[in-house]
Amino acid sequence: MFTDKNIKALAVCLTALMVFCLYGPDSYSREKDISDRDITHQVNNELLFDPGVSSHLVDVKTDAGIVTMTGTVDNILAKERSAEIAKRVKGVKSVVNRIKVKPVKEADEQVRQNALEALSFNPATERYEIKVAVEDGTVTLSGTVNSWAEKQLAGKVVKRVKGVRELDNAVSVRYRSDRSDDEILREIREKMEWDIYVDETWIEVAVND
């Protein structure tokens with residue numbers, strides 16, 4: 001026996017089938033399509049509010065849902081992060097990252113010192129025992145940390161250093177069970193701050209035992 005609910009559902013299905021037959025599979029998606037102009041606007045808006053990217057240095061163009069990013073930034077993290085941000089915008093089909101990293105004339109030893117300083121001043125990486133080697137602007141990180149997240153954070157911190165052309169993150173991970181609450185808390189906060197899918201301002205974190 002058909003109920004009113006069943007009849008309504010059947011009517012919706014029949015209507016959808018008629019539209020599909022008359023106008024083809026694109027008839028429904030047409031209304032939901034996001035214009036290239038809207039995509040460009042949204043990508044620019046996301047870049048504007050991201051602390052890791054100087055949005056005025058990045059030019060965004062969209063064609064048929066494909067975003068092309070150009071411009072010049074001063075560190076490799078900004079280049080990589082710009083593309084990551086664009087990929088999460090609704091309607092984006094793919095991202096062509098043509099952003100260039102501005103070459104900085106720094107001696108390898110100066111880049112090394114700057115990288116060590118960045119690691120020591122970052123609240124999440126200050127206690128990491130990481131060695132830094134630099135050759136022709138390519139930085140190699142080595143040493144041992146306590147988690148995969150720590151390894152990734154160390155890489156992000158160093159990628160922000162001017163003069164770093166490439167990064168080889170050769171840090172090893174050795175898990176410990178006796179990590180302090182404060183150490184875990186700092187790592188979680190840092191991960192959330194750099195996660196493009198998380199707005200950490202709305203999240204409170206506490207670690208106990």
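The basis for the numbers below is simple: all heavy atoms, side chains too, and nothing from hydrogens, waters or symmetry mates. Computed from a prediction, not measured in an experiment: that's the story for all the values here. All residue numbers in this chain count up from 1 along the given sequence.
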Original post:
Ser82 and Val53: which non-hydrogen atoms are nearest, and at how many Å?
Top reply: OG-CG1, 3.5 Å
**OP:** Using modelled atom types only, decide if a donor and an acceptor are shared between the side chain of Thr68 and the backbone of Val96 within a distance under 3.5 Å.
**Re:** no
Original post:
Are the side chain of Thr125 and the backbone of Tyr128 linked by a donor-acceptor contact shorter than 3.5 Å?
Top reply: no
**OP:** Using a strict 4.0 Å threshold on nitrogen-to-oxygen distance, state whether Arg186 and Asp182 make a salt bridge.
**Re:** yes
**OP:** Return yes if a side-chain donor-acceptor contact under 3.5 Å exists between Gln110 and Asn114, otherwise no.
**Re:** yes
Original post:
Which value, rounded to the nearest 0.5 Å, describes the distance between Ile130 atom CD1 and Asn169 atom CG?
Top reply: 7.5 Å
Original post:
Would you find a donor on one side and an acceptor on the other, under 3.5 Å apart, between the side chain of Asp168 and the backbone of Val139?
Top reply: no
Original post:
With hydrophobic residues grouped by side-chain heavy-atom distances under 4.5 Å, do Ile203 and Leu185 end up in a single group?
Top reply: yes
Original post:
Shortest non-hydrogen contact from Ile99 to Val58?
Top reply: CD1-CG1, 3.8 Å
Original post:
Checking side chain to side chain contact (heavy atoms under 4.5 Å, CB included) against Thr62, which of Ile34, Asp36, Val92 comes through?
Top reply: Asp36
Original post:
Can you tell me how far CG of Leu141 sits from NZ of Lys151, rounded to the nearest 0.5 angstrom?
Top reply: 9.5 Å
**OP:** Give, for atom OG1 of Thr72 and atom CG of Asp59, the distance between the pair rounded to the nearest 0.5 Å.
**Re:** 11.0 Å
Original post:
Rounded to the nearest 0.5 Å, what separation is found between the CG atom of Asn146 and the CD atom of Glu183?
Top reply: 5.5 Å
Original post:
Charged N to carboxylate O under 4.0 angstrom, Arg112 versus Glu109?
Top reply: yes
**OP:** For Asn97 and Lys79, indicate whether the former's side chain and the latter's backbone hold a donor-acceptor pair under 3.5 Å.
**Re:** yes
Original post:
Quick one: CZ on Arg81 to CZ on Arg160, what's the gap to the nearest 0.5 Å?
Top reply: 9.0 Å
Original post:
From Lys156 NZ over to Asn122 CG, what is the distance, rounded to the nearest 0.5 angstrom?
Top reply: 12.0 Å
Original post:
Taking all atoms of both residues into account, what is the closest heavy-atom pair of Ala64 and Lys93, and its distance?
Top reply: O-CD, 3.4 Å
